[in-house]
Amino acid sequence: QQMSGPMVTLSSTTSTSTTFAAPTPGGALSFRFTATDTTGASASATVNMRANTAPTVDAIADRTVRAGQTVTFTATGTDAENDALTFAATGVPTGATFSAAGAFSWPSAVAGTYTVSVTATDGLLTSAPSLVQISVTDVGTYYVTTAADSGAGSLRAAITAANATPNADGVDRIVFAIPGTSVHTITLVSELPTITESVVIDGTTQAVFAGVSPPLLGTGGVVGTEGLALDRVAQPYLQVSGGGALESLLRIEAPDVTVRGLSLFGSYLHDIWLGIGAHRALIERNLIGSAAAAFADPGAGARSAGMLVNSGGADNVVIRDNLLGYSGAMGLYLSFASDDWVIDGNEIRGTGQVQTGWDAIRILDSVGTVVQGNLVTATQGGAIRIEKLSFTTNEILIYGNTFSSTALGPGASPHAIGVGTDTQVTIQQNVISTATGDAIQYQLIAGRLQIDTAAAGRDITHLHLATRAR
């Protein structure tokens, strides 16, 4: 006889055993069992029990994210008896966590498709699993798998694809995974597509893919009177050559573009062009103007005939830790209000191989550039020239550099540092030694020149300040 609890139907009320279907929801049940013998004597006992049903896990929506993004969800469930639930999961990706409270967190998702199975227990019974699929797409990363000029897996195809992908949820990446452990050369038949979307072109990924440890190139050591560290640069394992027939190797018109770990040489005008929209570009750890095997002149037929990096109005650009050299004309040319640059930690060598009148660095009509911690040496022309033509050229800081053996070529600019009219330039803590001409040459009309002469060890033996009447 049932005494209390959700009513159930017993399979028998007279046999020595009976069964019933557990009620839903469950709960506490009480039954009274009575046994009677042949004499009519009887005895009774009360049996208390608890009916329990398994919990359920609520449906969890599938997730689709891009690689590197964070994935989170919190599992929930129901229990008819309102018992406390504890959650567990299988298939949790490496790097992700899942707590007994049902919280899943994956701070940096890795590309792939993953199925996580979540269950809940009330301490007695376990639920059926609830499945959540996590799809981590890698559409923002484009792989270069061949050194061919074009076709699937080429650098040309990767730039085209990156240009076609809006960067709503992160900057695209171009990485290199060309089979083989030697340096790969991409010889361009025609110019690469102009870069119109923000992207990171990371040539250092080729050495990582090949499993090699690149040797270090460049002079290294320290520069300036304060001994600023000049890092050497890891040899690129990917080089891009124009063969002297192309105006540009990389044309950048988008903001926030990074070019890293490449060897670029062999254009006839500029290896890298930074257009008026190429703000905040980062050019770092490249070998520009030289093949990858060594920082050396690739020869008249292969060298970059014009400039290595040419800007026509890009602002807030950082050029750092590169080896730049052996151009036919200038190394770096900033013009048309290319403002607020940082040129830091580069070795610039042997520029002006053909047009010896051009300086390694020329800053024209631009404001706010800092040139610091560089080694400019063995240049056919002068080391640096700052001048005004149409716009303002001021607040230029030349700090902590070493300019040595400049103006080597015939007809070269007769100075290491040339400061033109109507400019504002501060020169501090530099080591300056020229092959010919003046250490610093200044033509004063309405500008300002500040030279720090307090630091010891600086060679300014050829200092010449030239004034010119209006």
Side-chain angles (χ1 to χ4, degrees), residues 147 149 155 182-192 203 215 217-219 233 235-251 259 261-274 283 286-311 319 322-333 335 346-362 374-385 403-416 434-437:
D149 168 77
L155 177 58
S182 61
V183 173
H184 295 281
T185 302
I186 299 174
T187 302
L188 299 178
V189 176
S190 60
E191 287 194 18
L192 292 168
L217 304 178
T219 303
V233 177
Q235 177 190 12
Y237 268 67
L238 196 289
Q239 61 186 21
V240 179
S241 170
L246 305 179
E247 180 179 296
S248 305
L249 304 183
L250 289 177
R251 295 184 64 89
V259 178
L262 297 178
S263 164
L264 300 162
F265 66 99
S267 68
Y268 73 75
L269 186 56
H270 31 234
D271 289 348
I272 298 178
W273 162 255
L274 299 171
I283 313 296
N286 300 283
L287 201 57
I288 305 178
S290 168
F295 186 29
D297 185 359
R303 74 165 63 104
S304 305
M307 295 158 279
L308 302 178
V309 179
N310 185 11
S311 172
I319 309 286
N322 300 280
L323 303 178
L324 305 106
Y326 307 104
S327 58
M330 285 175 282
L332 304 175
Y333 186 31
S335 64
N346 305 281
E347 180 177 341
I348 305 175
R349 176 180 292 272
T351 56
Q353 292 291 316
V354 178
Q355 301 179 54
T356 59
W358 292 108
D359 300 88
I361 302 171
R362 179 162 289 198
N374 303 280
L375 170 62
V376 182
T377 187
T379 59
Q380 297 299 303
I384 184 168
R385 175 81 180 171
F403 303 112
S404 65
S405 299
T406 60
L408 294 172
S413 303
H415 58 257
T434 63
T436 60

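In this text, all values refer to a predicted model and were calculated from it rather than measured experimentally.
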Are the side chain of [X] and the backbone N or O of [Y] linked by a donor-acceptor pair below 3.5 Å?
X      : Y      : result
Asn346 : Ile319 : yes
Gln353 : Gly350 : yes
Ser304 : Gly266 : yes
Gln380 : Gln355 : no
Glu347 : Leu375 : no

Run the side chain to side chain contact (heavy atoms under 4.5 Å, CB included) test against [X] and tell me which residues pass, sequence neighbours left out.
X      : value
Glu191 : Leu246, Glu247, Ser248, Arg251
Thr187 : Thr185
Ser311 : Leu274, Ala314, Ser338, Trp341
Ala360 : Ile348, Thr351, Val376, Thr379

Mind checking what makes ring-ring contact (aromatic ring centres under 6.0 Å, His included) contact with Tyr326, not counting sequence neighbours?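 Partners of Tyr326 under the ring-ring contact (aromatic ring centres under 6.0 Å, His included) test: Phe295.
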Using every non-hydrogen atom in the two residues, find where [X] and [Y] come nearest and quote the distance to one decimal.
X      : Y      : answer
Ser263 : Pro236 : N-CB, 3.8 Å
Ser327 : Ala329 : OG-O, 2.9 Å
Ser290 : Pro298 : CA-CD, 4.4 Å
Thr406 : His415 : OG1-O, 4.1 Å
Thr377 : Ser404 : OG1-OG, 2.9 Å
Val183 : Ala292 : CG1-CB, 3.9 Å

Are any of the side-chain heavy atoms of Leu217 and Leu287 separated by less than 4.5 Å?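 Counting from C-beta outward, Leu217 and Leu287 do come under 4.5 Å.
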Can you tell me how far apart [atom1] ([X]) and [atom2] ([Y]) are? Round to the nearest 0.5 Å.
X      : Y      : atom1 : atom2 : answer
Trp273 : Leu250 : CH2   : CG    : 14.0 Å
Tyr237 : Ser182 : OH    : OG    : 8.5 Å
Ile186 : Asp149 : CD1   : CG    : 8.5 Å
Leu192 : Leu249 : CG    : CG    : 7.5 Å
Asn322 : Asn286 : CG    : CG    : 5.0 Å
Tyr333 : Ile361 : OH    : CD1   : 14.0 Å

Show every salt bridge (charged side-chain N to carboxylate O under 4.0 Å, His left out) that has at least one partner inside residues 287-300, sequence neighbours left out.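 The answer is Asp297-Arg303.
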Step by step, would you call Leu269 with Met307 a side chain to side chain contact (heavy atoms under 4.5 Å, CB included)? CA-CA 6 Å; Leu269 186 56; Met307 295 158 279; 4.1 Å; yes
Side chain to side chain contact (heavy atoms under 4.5 Å, CB included) assessment of Ile288 paired with Leu323: CA-CA 6 Å; Ile288 305 178; Leu323 303 178; over 6 Å; no
